[in-house]
Amino acid sequence: MKNLVEPIKRKEDVEAIENYLAVHSIRNKLIWVFGTNTGLRISDILGLNIEDVKNKNYVEIKERKTGKYKRFPLNKKLKDLIEEYLSKERLKTYSIVEEEPLFVGKHHHRLDRSQVYRFLNDTCKKLGISANIGTHTMRKTFGYHFYKKYNDVALLQKILNHSSPAITLRYIGVDQDEIDISYNNFEL
C-alpha cells in the first residue's frame with residue numbers, strides 16, 4: 001500500500017503547527033493557514049499573486065489541476081494574516097507589486113512546493129507530529145475538520161471537486177472505525 005499523506009486530525013496539532021510557524025515565518029504561517037482554511041491545492045496557493053488577495057473579500061482562481069473556476073471568501077483570520085504578511089514581512093524584504101507572486105523565496109522567485117514540503121516536514125518533526133506529512137496535508141486537514149464540524153460530505157465533495165462522497169471520505173481519512181462509531185451512537 002502507498003504511503004498516503006494524511007490530514008492532521010488533532011486540532012491541538014493544527015494549532016501547534018500554526019504557532020510554531022508564526023514564530024519562524026509569517027509567510028510560512030500564511031501558507032499553512034491558507035491551506036487549512038480554504039482547502040486549496042498547494043499549486044493553487046503558490047500560484048496566487050498579490051493582486052488576487054490584497055484588500056479582497058473573495059479569491060477567484062482557475063484551478064491548475066482541473067481548469068475549473070473557483071471562488072471562495074477569505075475569512076477574517078486569512079484577511080488579517082495577509083495584511084500582516086504584506087505589511088510586515090513582505091514589504092521589508094521586497095517591494096509589493098500587485099502582479100507579483102504572493103509567496104516568494106530568497107531570490108524573489110515564486111516559492112515552489114518542495115520548499116513548502118520541507119518546512120512542513122521540519123515543523124512536524126520538531127513538534128513530534130508523526131502523521132505522513134506532505135503539501136497535500138493542508139488540503140486534507142481542511143477537509144477533515146470541515147467534515148467534522150459540518151458533517152456535510154456532499155458540500156465538502158463539491159468544495160474539493162471530488163466525483164463521489166466515498167472518494168471524499170477516503171481522501172480526508174474518515175475510516176471504517178469512525179463510520180462504525182457513528183453508527184453505534186446513532187438511534188432514531
Side-chain angles (χ1 to χ4, degrees), residues 1-48 59 61-68 70 72 75 77-78 81 101-103 105 110-182:
M1 186 169 149
K2 267 188 351 182
N3 227 2
L4 294 176
V5 171
E6 300 173 284
I8 304 294
K9 292 184 176 181
R10 288 175 15 112
K11 196 156 187 179
E12 302 82 37
D13 290 340
V14 174
E15 291 167 359
I17 293 167
E18 184 177 324
N19 292 334
Y20 180 88
L21 292 172
V23 172
H24 295 85
S25 168
I26 298 171
R27 180 198 69 191
N28 293 354
K29 176 185 175 185
L30 177 56
I31 292 169
W32 172 255
V33 172
F34 228 106
T36 58
N37 280 258
T38 67
L40 286 180
R41 291 177 184 89
I42 191 63
S43 58
D44 292 324
I45 294 170
L46 297 179
L48 292 169
V59 171
I61 63 166
K62 182 177 176 185
E63 289 183 327
R64 290 174 185 249
K65 181 177 179 181
T66 65
K68 293 180 180 175
K70 185 174 190 90
F72 58 91
N75 63 26
K77 181 177 187 174
L78 271 171
L81 197 50
L102 179 60
F103 300 112
R110 191 177 297 274
L111 210 59
D112 70 41
R113 69 184 314 121
S114 66
Q115 293 164 294
V116 176
Y117 175 84
R118 274 194 302 278
F119 83 67
L120 284 179
N121 266 278
D122 290 346
T123 299
C124 289
K125 280 180 188 154
K126 287 180 176 133
L127 295 172
I129 297 169
S130 60
N132 291 323
I133 303 298
T135 56
H136 230 52
T137 293
M138 296 181 293
R139 181 171 160 88
K140 288 186 174 193
T141 299
F142 163 83
Y144 180 82
H145 289 279
F146 184 95
Y147 177 73
K148 286 296 188 182
K149 181 171 183 172
Y150 296 110
N151 203 28
D152 188 340
V153 72
L155 180 57
L156 183 57
Q157 172 191 342
K158 187 172 180 143
I159 289 169
L160 296 177
N161 255 323
H162 288 162
S163 59
S164 77
I167 289 172
T168 300
L169 290 173
R170 187 171 56 246
Y171 179 83
I172 62 173
V174 173
D175 56 17
Q176 191 61 49
D177 290 342
E178 290 179 71
I179 293 169
D180 292 349
I181 290 168
S182 69

Walk me through whether Arg64 and Arg41 qualify under side-chain contact (heavy atoms from CB on, under 4.5 Å). CA-CA 9 Å; Arg64 290 174 185 249; Arg41 291 177 184 89; over 6 Å; no
Run Met138 and Ile31 through side-chain contact (heavy atoms from CB on, under 4.5 Å) and show every step you take. CA-CA 9 Å; Met138 296 181 293; Ile31 292 169; 4.2 Å; yes
Kindly indicate, with the supporting measurements, whether the criterion side-chain contact (heavy atoms from CB on, under 4.5 Å) is fulfilled by Leu127 and Asp13. CA-CA 8 Å; Leu127 295 172; Asp13 290 340; over 6 Å; no
Go through the steps to decide whether Trp32 and Thr123 satisfy the test side-chain contact (heavy atoms from CB on, under 4.5 Å), and finish with yes or no. CA-CA 11 Å; Trp32 172 255; Thr123 299; over 6 Å; no
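With hydrogens and angles ignored, the 3.5 Å screen pairs no side-chain donor or acceptor of Thr36 with any backbone N or O of Thr141. Under the 3.5 Å distance criterion, the side-chain polar atoms of Lys9 are matched with a main-chain donor or acceptor of Gly173.
For the atom pair Asp112 CG and Arg118 CZ, the distance stands at 7.0 Å (nearest 0.5 Å). The structure places NZ of Lys62 at 15.5 Å from NZ of Lys70, a figure rounded to the nearest 0.5 Å. A distance of 13.0 Å separates CD1 of Ile172 from CD1 of Ile167, quoted to the nearest 0.5 Å. Atom CZ in Arg139 sits 9.0 Å away from atom OG1 in Thr38 (nearest 0.5 Å). Taking CD1 of Ile45 as the reference point, atom CD1 of Ile42 lies at 4.5 Å (rounded to 0.5 Å). Between atom NZ of residue Lys126 and atom CD1 of residue Ile17 there is a gap of 13.0 Å, rounded to the nearest 0.5 Å.
The minimum heavy-atom distance between Asn161 and Lys68, with the atom names listed, is OD1-NZ, 3.4 Å. Looking at every heavy atom in both residues, Thr137 comes nearest to Ile133 through OG1-CA, 3.4 Å. Across all their heavy atoms, Arg110 and Leu46 have their closest contact at NH1-O, 2.8 Å. The minimum heavy-atom distance linking Asn37 with Asn75 is given by the pair OD1-ND2, 2.9 Å. Residue Ala131 comes nearest to Pro7 through the heavy atom pair CB-O, 4.5 Å, listed as atom of the first residue, atom of the second, then distance.
Every ring pair (Phe, Tyr, Trp, His ring centres under 6.0 Å) that Phe146 has, sequence neighbours left out, goes to Phe142, Tyr150. Among residues two or more places apart in sequence or in another chain, the ring pair (Phe, Tyr, Trp, His ring centres under 6.0 Å) test is passed with His162 by Tyr171.
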Sequence neighbours left out, cut at 3.5 Å: what donor-acceptor pairs do the side chains of residues 19-26 make with other protein atoms?
residue	atom	partner	partner atom	Å
Asn19	ND2	Glu15	O	3.2
His24	ND1	Tyr20	O	2.7
Ser25	OG	Arg27	N	3.3
Ser25	OG	Asn28	N	3.1

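Between Thr168 and Tyr147, the closest side-chain pair of non-hydrogen atoms is not below 4.5 Å.
In summary, Glu12 and Arg10 engage in a salt bridge, as defined by a charged side-chain N under 4.0 Å from a carboxylate O.
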